[in-house]
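Notes follow the structure.
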Number of protein chains: 2
Amino acid sequence: MKSIIFSLPGNEGMAKSIAHKLGVQIGSLRTRRFPDQESYLRFETPIEGQKVILVCALDRPDKKFLPLLFAAAAARDLGAAEIGLVAPYLAYMRQDRRFQPGEAVTSKHFASALGQWIDWLVTIDPHLHRLTSLSEIYAVRSAVAHAAPAISAWIRDSIKSPVLVGPDSESEQWVSVVAKNAGAPFLVLEKTRRGDRDVEVSVPDVEQWRNHTPVLVDDIISTARTMIETIRHLRAAGLEPPVCVGVHAVFADDAYIELEAAGAGRVVTTNSIAHESNEIDVAPLLAEGVQNVLD
Amino acid sequence: MKSIIFSLPGNEGMAKSIAHKLGVQIGSLRTRRFPDQESYLRFETPIEGQKVILVCALDRPDKKFLPLLFAAAAARDLGAAEIGLVAPYLAYMRQDRRFQPGEAVTSKHFASALGQWIDWLVTIDPHLHRLTSLSEIYAVRSAVAHAAPAISAWIRDSIKSPVLVGPDSESEQWVSVVAKNAGAPFLVLEKTRRGDRDVEVSVPDVEQWRNHTPVLVDDIISTARTMIETIRHLRAAGLEPPVCVGVHAVFADDAYIELEAAGAGRVVTTNSIAHESNEIDVAPLLAEGVQNVLD
């Protein structure tokens, strides 16, 4: 059975890369908004009897949800044999339980609302807080790709004398893995509490890292508060301007500008969300995920 | 069983009016957006075992859909006995069939996506193009209120010597009904085709209407193109600046400013969508609709 890939607006580059990797056709999905802000969609390439693959990064999800749902529903209506979604960034992974009485558990509701229109889902590094697997909220089959090896490879190939930096002891576990795969050392900032509101943060063995380039890695860069705070500590300790690496370039409001202004030597992300900071291509990882669910 | 009303953002006034008319409690639904533009919702008033009524006008629907879906899903999750939606303006009523191959039939898909989260739906004057009833696309029970009597009453009470104006012969049927109920005369513009691109539009018996106030009525004022065109013909014929009345104040882009600039003497709408032009209160009609579905 033939597969065919379509991109929702803003995902053209990623869709093209995945199509190329998989050797499948890329189709044309026309979308526009009427003056009253309702959405119009049209599949300009026939899809009857085919496996339809939709590509849509779900950052800023509220305005993207209905067009995506319409694409999936129309594909079904038009006789697609199967409908899959590649969401390089998956939304609503934070509120996975009710912290206060009366709260909407949006992780669960979003998964339920989205899942019913598709047959499978492929994403990269979903923000699994308290969940251990996507299958706890998504009933459809899914494949999860991981950017860590691609990030390690990029650090190894692009940064001279890197030292991976973990902002706190909780981060040590994954920072050590990324560092190991990059063939680089790592350090973790130390917090010393001096009083209720007085916490001193210091760089251990600071002299050892003077001629290294600090590298900060996080899954989502949204407000960038943690990275900005960490940059301040590193700069105060007299280290070089750090390289900030993120999997998902969400960048809420002015976070990108603020991160550069705070003294980041360089800001680098994967192309899971299209952004000027994209330097690490995750299309091959997503294509592999698609291959797994299609097989 | 107790009923309780909640408003989605922007619908506070309408929710309050309907609650007052029905004599039911108004509850507090807190909503906000995280910096990454995901939505947060919390019912701050208990709803377990109660009939929950959500109020949400669905103009500019794409960004409103997920928060509304989350409210309905959370209400169900929190043990609401029943979930109803008052949508004074209902979205996606235009594309009710496939005009070109491959198009998404958004009327059908939107109704299916929305309908599954609610038990009933109340709206006012949905734009039923080719459909004869909401039940053709909505499986849930519904009540439809009509603004025409309220508009006729407003014209009768507010406009001295009104003459209702239909922009074309197709509009004659409903213009004549609004006119009759307002106790006012009506006229319909005449089109004379002089060539392929040359259509002359004239006001019949123009001398008769010199001392009347023309009143234009439409269901949705979106781009306002038809009204602006009609105003030009009336002004060219030397009539008074017309009063423009719309049920639904969608006003795409700068339509409101353009309508006033084109020479509308006054622009008046119902409060189905909150807008500065609202002068006709449809809350009693919607409350009556809710009463019908609750009984």
Proximity breakdown for A:Ser222 and chain B, heavy-atom pairs closer than 4.5 Å
side chain

Validation row: B:Glu44, A:Pro101 side chains within 4.5 angstrom (heavy atoms):
no

Interface moiety of B:Thr223 toward chain A, non-hydrogen atoms closer than 4.5 Å
side chain

Is A:Arg76 close to chain B through its backbone or its side chain, or both, or neither, when contacts mean heavy atoms under 4.5 Å?
neither

Should A:Glu103 and B:Tyr40 count as side-chain neighbours, where that means a heavy-atom distance under 4.5 Å?
yes

Shortest non-hydrogen pair, B:Pro35 vs A:Ala252, comes out as O-CB, 3.2 Å

May I ask you to check whether A:Glu38 and B:Gln95 show a side-chain donor-acceptor distance below 3.5 Å?
no

Scored by heavy-atom pairs under 4.5 Å with chain A, the best of B:Pro61, B:Pro46, B:Ala72 is B:Pro61

Counting only heavy atoms closer than 4.5 Å, note whether B:Arg33 contacts chain A via side chain, backbone, both or neither.
side chain

Would a 4.5 Å heavy-atom cut-off, applied to side chains only, mark B:Arg98 and A:Leu78 as touching?
yes

Using heavy-atom distances under 4.5 Å, tell me whether A:Leu69 contacts chain B through its side chain, its backbone, both, or neither.
side chain

Is A:Gln116 close to chain B through its backbone or its side chain, or both, or neither, when contacts mean heavy atoms under 4.5 Å?
side chain

If we only count heavy atoms from C-beta on, is the B:His109 to A:Asp77 side-chain gap below 4.5 Å?
yes

Whatever's closer than 4.5 Å to a heavy atom in chain B on A:Tyr92 counts as both

Is a salt bridge present between A:Lys64 and B:Asp62, judged by a nitrogen-to-oxygen distance below 4.0 Å?
no

Among the options A:Ala74, A:Ala75, A:Pro67, A:Ser39, pick out the one with the most heavy-atom pairs lying under 4.5 Å from chain B.
A:Ser39

Closest heavy-atom contact between B:Phe70 and A:Phe110?
CE2-N, 3.8 Å

Ion pair present between A:Asp36 and B:Arg60, side-chain N to carboxylate O less than 4.0 angstrom?
no

If you count heavy-atom pairs under 4.5 Å with chain B, which of A:Lys63, A:Arg30, A:Arg42, A:Gln37 comes out on top?
A:Arg42

